[in-house]
There are 2 protein chains.
Amino acid sequence: MISNATRSLSVTDHLRESILSGGLPAGTKLQEVRLSEELGVSRTPIRAALQSLSAAGLLDYAPNRGYVVREFPISELVDAYEIRGSLEGLAARFTAERGLDNSQREVIEESLATGRNILNRSTTMDDHVLGIIGETNAAFHDTIMEASLNRLLSQMAQMSFQIPRVSNRNIIAFGLDELRQRHDEHYLIYEALLARAATKAETLMRDHVASVKFAAVRALRETR
Amino acid sequence: MISNATRSLSVTDHLRESILSGGLPAGTKLQEVRLSEELGVSRTPIRAALQSLSAAGLLDYAPNRGYVVREFPISELVDAYEIRGSLEGLAARFTAERGLDNSQREVIEESLATGRNILNRSTTMDDHVLGIIGETNAAFHDTIMEASLNRLLSQMAQMSFQIPRVSNRNIIAFGLDELRQRHDEHYLIYEALLARAATKAETLMRDHVASVKFAAVRALRETR
DNA sequence: CAATTTTAAAATGTATACAAAATTAATTGA
DNA sequence: TCAATTAATTTTGTATACATTTTAAAATTG
């Protein structure tokens, strides 16, 4: 199990992981005693975790009836990308208005350089490449979200990432060329941020996420 | 205390109310024993409530250090309206795409009629008028959010309402004429929804919320 | 036999006791 | 006196026992 400050937090991480990975499919009833026996802790941290995941939107809850892994209809999953586009667009706008500090610029520039390097060198798309791209992509998006200086926005973005398959780290496996296009868009967004062009940054970011959405929808169609 | 299915839920409602009303100002440390004595319940439901409000973004939490009522900088409050605008805009678009069912149309039409009536009859703005307008306004916005058929979106909108003073029920007290303008915008939005004009509905809704934002910002400036 | 009621089992909600961590107070030593 | 350390207190985290509600199984009745 993931190690954390408290058992409650560990259990929360563990269960979230199980749900997002599909180990606990939608509809699964999560019973406190069963889980406490399985994970070797008392009901107290289990209850805390269930409540937390319910607030995060991963579980359905009814008083006196407990928690159930909630269903994620495909339509909602597609919508989640639209929502992410709007939220990250807003984040880009706020960040353009407020500016990036030195350390934030550094992080973004490093993510751009690392991404550029691996995309130039690679001819095939293995797990290594996907892993690196996933990290640099997340660093880019997370930094902009952080620089927007808005907790509500960050919290909401966090929520949208808790929808299975909607995340900045899980790169949808489209071709290298497409990956390069997405990376070029990062450059353009960064330029707009440096130029403090708020509306442009917002539009570019929204369109960028929309492109990712198209790939995700295509991937979804193919796997089913 | 508010009556609910469980003590945990009652305590949650009670504390939320206290925070949003300003009874528990930002920075207040919420200690479990103290609250449990004050509210006459054990620590268990108190802990559940604190966790829930923390997930909702009203409290800051640190392991082994407890919960503190979080600060809401004015800038974040203004941003919250931008976020609301985007989210409700998306809701309008999804609803236009998916359509309203009969009962939803009924609710909206009744809210429009009730609002029209009271705005035509009234010459001054007392608490009665504000109460009715608040209700009809909330009914209008809530119904569209519900009709968007997207849980993530609804959940996020719910979050933005938990920021003090950002809510569809708390009408910012601008003049009757302005209230009439806002009400006319409701009509236009409803028309766009009926015509299934997705982009138009989204734009109208976003602009509508932006207008409310301007009034809110103005009101904030005056009260400080 | 089917439908309803009653009863038993199991699950969630709450209180409380104990453990561990953090905070505060007291003590020690320079 | 002041800093660092230690001890005491307070606060949060966890386990467990009991209460209440829900769910299921069994019994009853028409």
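Everything numeric here is computed off the predicted structure, so don't read it as measured data. Here is how names work: the chains are called A, B, and so on, in the same order as the sequence lines, proteins then strands, and each is numbered from 1.
Considering only residues two or more places apart in sequence or on other chains, A:Glu109 meets the side chain to side chain donor-acceptor pair (under 3.5 Å) condition with A:Tyr190. Partners of A:Ser21 according to the side chain to side chain donor-acceptor pair (under 3.5 Å) rule, which considers only residues two or more places apart in sequence or in another chain, do not exist here. The side chain to side chain donor-acceptor pair (under 3.5 Å) check on B:Asp127 picks up nothing, with sequence neighbours excluded.
Shown for residues 47-57 of chain A: no residue has heavy atoms falling under 4.0 angstrom of DNA chain D.
Nearest heavy atoms, A:Ala147 versus A:Thr95: C-OG1, 3.5 Å.
Rounded to a whole Å, the CD atom of B:Gln31 is 13 Å from the C1' atom of C:dT24. Atom CD1 of B:Ile46 is separated from atom P of D:dT12 by 11 Å (rounded to the nearest Å). In this structure, B:Asp60 atom CG and D:dT12 atom P are separated by 15 Å, rounded to whole Å. Taking atom CD of B:Glu32 as the reference point, atom P of C:dT14 lies 15 Å away to the nearest angstrom. In this entry the distance linking CG of A:Asn4 with P of D:dT14 reads 10 Å, nearest Å.
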Contact state string [nucleotides 15-24 of chain D, B base, S sugar-phosphate only, - no protein heavy atom under 4.0 Å]: BBB---SSS-
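Applying the ring pair (Phe, Tyr, Trp, His ring centres under 6.0 Å) rule to pairs touching residues 36-69 of chain B yields B:Tyr61-B:Tyr67, sequence neighbours excluded. Residue pairs meeting the ring pair (Phe, Tyr, Trp, His ring centres under 6.0 Å) criterion with at least one member in residues 32-56 of chain B: none, sequence neighbours excluded. Here ring pair (Phe, Tyr, Trp, His ring centres under 6.0 Å) pairs that include residues 14-38 of chain B, with residues two or more places apart or in two chains, number zero. Residues in residues 139-151 of chain A take part in these salt bridge (Lys or Arg N to Asp or Glu O under 4.0 Å) pairs, two or more places apart or across chains: A:Arg151-B:Asp60.
Note on B:Tyr61: a side-chain N or O is less than 4.0 Å away from OP1 or OP2 of D:dG13. In this structure, A:Ser8 reaches the D:dT14 phosphate: one of its side-chain N or O atoms is under 4.0 Å from OP1 or OP2.
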